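Following: one structure in C-alpha cells, then a few remarks.
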Amino acid sequence: MKQITTILFLLLVCLTISSQATKDYDYRIKNGKLTYKECEILVESGDTKSALPSLYNLLEEYENNRPFIYSKMEDYLNVVFCLEEYYNGIGDLSISYQLLDNAFELQRSISYNKNTPLDRELFLKRGRIESSLKSYKDALNYYFTAQMMCNVVNDKSDFYIGLLCNISIAYQNINDLLMAKIYVEEAKDLYEKSHGKLFNIKEVKDDLQPYILMTYGQLCFMMKNWTDAEKIYTFLIEIHDNYQIDKAALSIVYNNLSQILLLQNRLNESLFYLKKISNHHPEVDCLVYQNLAWIHLLLGNYIDATACLKQFNTAARKNVARVFSTFSEMNRENYWDQYGIEMVGLNNTVAYKTQNPDAIIQAYNNTLFCKSLLLGTTSALKEYISDSNDPKLKQNYNEYLKYRESLSYKTNDSITKEKIAHD
C-alpha cells in the first residue's frame, strides 16, 4: 500500500510541475520572453504569430547592442529572417523590406564584412523583395553580389542552385531569355550532379526540385514552347499528391498552366485550373482575378467577367496602395510601369467588349485612379516643400533629388546603392 501511495504522490508532483511549466511557457509567449530556439519550434509548427512578440524583443535586443553584435550577427540574422519570411508570406512587402534594410544598415554601421551562408542569404532575400517590386535590374545586382560571395568560398550548395533560379527568373522578367536559359540550365546541371535526374523522378525529396522545374516551365512558357511547359506543370501537379508543394508556389503552377491552356484556346480547362487556386497572397489574388476576367470574357460570360474585374481592381488597388504608402518614388515608378499597363488594359477591354454599365464605371474610375496616382503623390510632395518656410527641409529635398538621380542612372553596384539610400 505504501508503494502505491508513493507512486500516486510522485504522479501528483509531476502533474503539478508540468502544469506550472505550461503556465510559465504561456506567460513567456504572451510577454515575449521566449528564446530563439523556442521561437524556431513555434515557427516550424506553423505558429509564427505566437512567436512574434519574442522575435521582436530579440530583434530590439540585438539592434540596441551594436558594440557586441559583430560576434552575434548570425543569431541576429536568424531573427530577421524569421520575421521577414512571415511578413513576406502574408504579402506585407513594406515590413519585409524594412527588416532587411535595417540589417544592411546595421552591418554597414559596424563595418561587418564576413561571408557566411546567412550573409549570402541576406542578399538573396533583398533581391527577391526588389523583384516583388518589379525592380528586376536592382534584384539582379543583389543576386550577383550573392553569387560572387558564393564563388569566393566555392559554394555550389542547394542555396547556390536556388540563387541561379532567382537570377533566371529576373532575366525572364526583363525578357532576356538567353541569359535566363543559361542560368536555369546551370541550376539543372548542378542539381542533377548531386541529386539525380530532374525530370524523371516521381518521388520528390526536397523543395529545390519543384523550384527548378517551375523556373524551367516559366522559361518554356515565355519561349512559347507550350508543350514542354505543360508537361512540366502537369508533372508538378502530379507529384503534389505525394509531396506538399508550398501553397504559393502551387498557385503559380496552376496559374501558369491555365495560361498555357488559354493560349491554346482550351478555355474550360484553363478556367478549371484557375479555380483550384486557394492561396490568398495579395499578389496571387490580383493575378487570379485578372486571368479569370480574361477567360470569362473570352467565354462570353460577361457578368462573371465584370464581377472578376471588380475583384481585380480591389486587389490591385490594395497592392498599389501598399507600395505607394511605404516605398520611394523610384520604387513606385518601377512598380507602376508594369502594374498600370495591366490595370488599364484589362479595364478598358472588359468595358469595351461587354458594354456592361458596371464594367464601364469600373473602367472610368480606374482611369481616374491611374491618372492621379503618380502625379498626385509627387506633386503633393513638391507643393508641400515649395510652400514650406523651412530652409533645411528644402535643402534635404534637393539632396534627395540628387541621390535619387544617382540611384537611377549612375550606380549599378548594390552595396553603393544601399549606402546612398541611407545617407
Side-chain angles (χ1 to χ4, degrees), residues 13-110 112-129 146 149-150 153 155 157-163 205-208 211 243-249:
V13 170
C14 289
L15 287 172
T16 303
I17 293 171
S18 175
S19 175
Q20 184 60 41
T22 301
K23 287 180 181 178
D24 177 63
Y25 182 69
D26 291 342
Y27 171 82
R28 290 190 299 115
I29 285 181
K30 185 177 179 180
N31 291 277
K33 302 294 185 181
L34 297 181
T35 65
Y36 174 73
K37 286 296 182 185
E38 290 172 322
C39 291
E40 194 174 31
I41 292 169
L42 280 174
V43 171
E44 288 175 355
S45 72
D47 189 16
T48 305
K49 192 171 285 189
S50 295
L52 289 179
S54 298
L55 287 169
Y56 270 111
N57 283 340
L58 288 167
L59 187 73
E60 184 178 4
E61 182 181 330
Y62 284 123
E63 291 183 342
N64 289 340
N65 288 280
R66 297 197 177 197
F68 308 101
I69 201 170
Y70 199 99
S71 61
K72 296 286 186 179
M73 185 58 67
E74 291 199 14
D75 295 337
Y76 166 68
L77 288 179
N78 275 321
V79 172
V80 170
F81 292 168
C82 266
L83 288 167
E84 189 275 332
E85 285 169 16
Y86 171 75
Y87 287 108
N88 196 24
I90 62 174
D92 197 329
L93 292 181
S94 59
I95 296 181
S96 293
Y97 186 97
Q98 194 60 57
L99 285 162
L100 299 178
D101 200 46
N102 288 346
F104 272 107
E105 191 277 330
L106 189 148
Q107 284 189 338
R108 187 169 45 253
S109 71
I110 62 172
Y112 180 89
N113 58 358
K114 288 186 179 180
N115 183 3
T116 70
L118 287 176
D119 298 326
R120 300 191 285 276
E121 189 175 350
L122 179 60
F123 281 91
L124 171 66
K125 285 182 175 292
R126 185 56 185 271
R128 283 180 175 170
I129 292 287
M149 293 167 74
C150 285
V153 295
D155 177 1
S157 64
D158 286 357
F159 169 84
Y160 183 74
I161 296 171
L163 173 62
K205 298 177 181 177
D206 53 61
D207 295 322
L208 189 56
Y211 191 52
Y243 177 83
Q244 296 299 307
I245 298 173
D246 176 76
K247 202 171 184 181

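Counting begins at 1 with the first residue of the sequence. Computed from a predicted structure; not experimentally measured.
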| said: I'd like to know if the side chain of D119 reaches the main chain of T116, judged simply by a donor and an acceptor atom lying under 3.5 Å from each other, with no hydrogens or angles considered. | reply: yes
| said: Let's go through Y86 and L55 carefully: what are the C-alpha distance in whole Å and the side-chain angles of both, what is the deciding distance for side-chain contact (heavy atoms from CB on, under 4.5 Å) to 0.1 Å, and is it a yes or a no? | reply: CA-CA 11 Å; Y86 171 75; L55 287 169; over 6 Å; no
| query | Quick one: does N88's side chain have a donor or acceptor within less than 3.5 Å of a partner on S96's backbone? | reply | no
| said: One pair to check against side-chain contact (heavy atoms from CB on, under 4.5 Å): V153 and R120. What are the steps and the verdict? | reply: CA-CA 11 Å; V153 295; R120 300 191 285 276; 3.6 Å; yes
| task | Count the heavy atoms of every other residue, nucleotide or ligand shown that sit under 6.0 Å from CD of E85, and state whether that count exceeds 12. | result | yes
| field | Smallest separation among heavy atoms of D47 and S50, with atom names | value | OD2-OG, 2.7 Å
| message | The test is side-chain contact (heavy atoms from CB on, under 4.5 Å); show your working for L34 and L42 and say whether it passes. | response | CA-CA 10 Å; L34 297 181; L42 280 174; 3.5 Å; yes
| Quick one: are the ring centres of F104 and Y112 less than 6.0 Å apart? | no
| request: For residues Y62 and N65, determine if any side-chain heavy atom of one lies less than 4.5 Å from a side-chain heavy atom of the other. | output: no
| field | side-chain hydrogen bond (donor to acceptor under 3.5 Å, both in side chains) between E61 and N57, worked out | value | CA-CA 6 Å; E61 182 181 330; N57 283 340; over 6 Å; no
| request: Quick one: do D101 and I129 satisfy side-chain contact (heavy atoms from CB on, under 4.5 Å)? Show the steps, please. | output: CA-CA 10 Å; D101 200 46; I129 292 287; over 6 Å; no
| field | Reported CG-to-CZ distance for the pair L122 and F81, which is rounded to 0.5 angstrom | value | 5.0 Å
| remark: Taken to the nearest 0.5 Å, the spacing of L77 CG from L100 CG works out to 9.5 Å
| Roughly how far, to the nearest 0.5 Å, is the CG atom of L118 from the NZ atom of K125? | 9.5 Å
| field | Heavy-atom pair of closest approach, residues M73 and L106 | value | CE-CD2, 3.7 Å
| Can you tell if the side chain of L59 reaches within under 4.5 Å of the side chain of N102, non-hydrogen atoms only? | no
| field | Interatomic spacing from CG in N78 to OH in Y36 - rounded to 0.5 Å | value | 4.0 Å
| Would E105 and R108 pass as an ion pair if we require N to O under 4.0 Å? | no
| request: State whether Y97 and R126 meet the cation-pi test: NZ (Lys) or CZ (Arg) under 6.0 Å from the six-membered ring centroid, and within 45° of the perpendicular axis. | output: yes
| field | Check: L93 and Y87 side chains under 4.5 Å, non-hydrogen atoms | value | no
| Atom pair CD1/OH of I161 and Y211 - distance to nearest 0.5 Å | 12.5 Å
| Between atom CG of L58 and atom OG1 of T35, what is the distance when rounded to the nearest 0.5 Å? | 8.0 Å
| query | S157 and D155: side-chain hydrogen bond (donor to acceptor under 3.5 Å, both in side chains), yes or no, with the steps? | reply | CA-CA 6 Å; S157 64; D155 177 1; 2.6 Å; yes
